[in-house]
Number of protein chains: 2
Amino acid sequence: MPTQTKENYLKAMYFLERKGSKIALTDLSKLLDVSTPTANSMVKKLQEDEWVIYQKYKPLQLTEKGRKAAALIVRKHRLTEMFLTKIMGFGWEEVHDIAEEMEHINSDALFDRMDELLGNPTVDPHGSPIPDKSGVLVSRNYEHLSDMSEGQRVRLCSMTDSSTELLVFLNSKNIKLGTEMDILKIESFDQSMIVSYNHHPSMMLSHEVCKRLLVEVVN
Amino acid sequence: MPTQTKENYLKAMYFLERKGSKIALTDLSKLLDVSTPTANSMVKKLQEDEWVIYQKYKPLQLTEKGRKAAALIVRKHRLTEMFLTKIMGFGWEEVHDIAEEMEHINSDALFDRMDELLGNPTVDPHGSPIPDKSGVLVSRNYEHLSDMSEGQRVRLCSMTDSSTELLVFLNSKNIKLGTEMDILKIESFDQSMIVSYNHHPSMMLSHEVCKRLLVEVVN
DNA sequence: AATATTTGTTAGATTAGTCTAACTTTTTAT
DNA sequence: ATAAAAAGTTAGACTAATCTAACAAATATT
């Protein structure tokens, strides 16, 4: 098992890989908020135990071993988030930071028990998929709300980023995962949407927000 | 907030202080399984932020600040143990190692919620007292089972050490916190005790075990 | 009281993780 | 195609936490 710091490097590389395939050192260092030389020397060390493949000036790559390790950290993170919301009663906007620490806890028993108590969940409180015990992640392909058209009915399933600000905003609008919305109108000048859902007959959502909400069309 | 390592030094000093008042560097280094020079240089560093009072060749001392910090770590540890047993269904012999990692998690919200869900417990699953939110620990004065006499009826309330081996042993004998036992006989040659409890009419407990069990007399 | 033992200290080295400054390679833009 | 910009690398230094070897002080033993 790598150190906590190394786990964070693997996790960051995992996210970068899932986003755009090529992992750039600069992106990694920005994501982890360290200097590029720091990230550079760390990936060289990670190579020694075959977590990553490193070649000078080439994009970074995770090995299978490194990818699996990263996925299992993400699994611990997302199970924890689910546990904190479903069992302990936290709001979805409160759980990220706690999970960020708990994901480094070394105890299969703990996370297996969470998994069990939660009934083997497949997504976290923000709709992000939970990798399985062998590190396999099956992610569904949702659409950005911003790409939908007037008249469609959609269900909120996930979001591109789960920043506290976005989650608090959605709380204030009473929008949750699973909330179904009718797209009443799209303002052409700023791409903002007027939607209706539950008991809210007409709510305006800015383009910035719509870009970050992932939905599926309701038949 | 000190680092995780420093928190472990404070916690160790706290235990040593509660056991015999004078904190010796050698004892500290043994408890933490580091060399004496390592412990020595660390207490010097801890002094810089006024966690401890250090004077060459003198016994170590915790400052009020250091003692409170240590107590709050112990609080997190014991709340976690309680949470793992009562809410998550772990056995009392399984929780120490997990709590040892969770005690370093930095989240008042998490531990406050545990406290709440548990109904503000005052002892952990092994009968050890839980310091309150301001770091005050009120510990009851139990007797060692080994110091009791024939004919007395006692209730198991705590133990001097909660090693997995002892806990597993007690599990196998079906002895729990709260179990009331009648001391039927004390063998003079080895101080072992014959006790009866629940549906066990006569059980032999070695002196080694009796020394580690803390009880109170039942009137 | 003198000596032996234990306890504590200093010095110097090592590893993990970080930085800045300077430099090189690759990519982008004119 | 060359210059400018971006990305990546190397060198060297720093802090936290650890070690061993050597030494000093305090305590215990005869």
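Hydrogens, waters and symmetry mates are skipped; everything else that's a heavy atom, side chains included, is used.
- Applying the 6.0 Å contact sphere to NZ of Lys133(A) captures no more than 12 heavy atoms from other residues, nucleotides or ligands.
- When heavy atoms are screened at a 4.0 angstrom cut-off, Lys6(A) is found touching the sugar-phosphate backbone but no base atom.
- Ion pairing between Lys11(B) and Glu100(B) holds under the 4.0 Å rule for side-chain N and carboxylate O.
- Using a 4.0 Å heavy-atom cutoff across all strands shown, Thr38(B) reaches at least one base atom of the nucleic acid.
- Rounded to a whole Å, the CD atom of Gln4(B) is 15 Å from the C1' atom of dA16(C).
- Taking a cutoff of 4.0 Å between a charged side-chain nitrogen and a carboxylate oxygen, Glu81(B) and Arg78(B) do not qualify as a salt bridge.
- Note on Lys211(A) versus Asp147(A): no salt bridge recorded, every NZ/NE/NH1/NH2 to OD/OE distance being 4.0 Å or above.
- In this structure, Tyr54(B) atom OH and dG8(C) atom P are separated by 10 Å, rounded to whole Å.
- Atoms CE (Met42(A)) and C1' (dC19(C)) sit 13 Å apart, rounded to a whole Å.
- For Thr5(A), taking side-chain heavy atoms from C-beta onward, the closest of the listed nucleotides dG17(C), dT20(C), dT10(C) is dG17(C).
- Closest-nucleotide positions on DNA chain C for Lys58(B) and Ser35(A) were compared, and the one nearer the 5' end corresponds to Lys58(B).
- Salt bridge annotation for Lys22(A)-Glu17(A): absent, with no cationic side-chain nitrogen under 4.0 angstrom from a carboxylate oxygen.
- Here Thr26(A) lies in heavy-atom contact (under 4.0 Å) with sugar-phosphate atoms only.
- Taking atom CG of Asn40(A) as the reference point, atom P of dG17(C) lies 15 Å away to the nearest angstrom.
- On the nucleic acid side, DNA chain D has its first and last nucleotide under 4.0 Å of a heavy atom of chain B at dA17(D) to dA26(D), going 5' to 3'.
- We find that CG of Leu60(B) is positioned 7 Å from P of dG8(C), with the value rounded to whole Å.
- Here the P atom of nucleotide dG17(C) and the NZ atom of Lys44(A) are 16 Å apart, to the nearest Å.
- In this structure, His96(B) has its ring center at least 6.0 angstrom away from the ring center of His126(B).
- A cation-pi contact, defined as under 6.0 Å to the ring centre and within 45° of the axis, is absent between Arg75(A) and Phe111(A).
- Thr3(A) comes within contact range of the sugar-phosphate backbone alone, with a heavy-atom separation under 4.0 Å but no base atom that close.
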Please list, pair by pair, any protein nitrogen or oxygen found under 3.5 Å from a nitrogen or oxygen in nucleotides 21-26 of chain C.
from, atom 1, to, atom 2, distance (Å)
dT25(C), O4', Tyr57(A), OH, 3.3

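- Using cut-offs of 30° and 60° for the angle between ring planes, the Phe83(B) and Phe83(A) rings count as perpendicular.
- Taking 4.0 Å as the cut-off between side-chain N and carboxylate O, Arg140(A) and Glu216(A) count as a salt-bridged pair.
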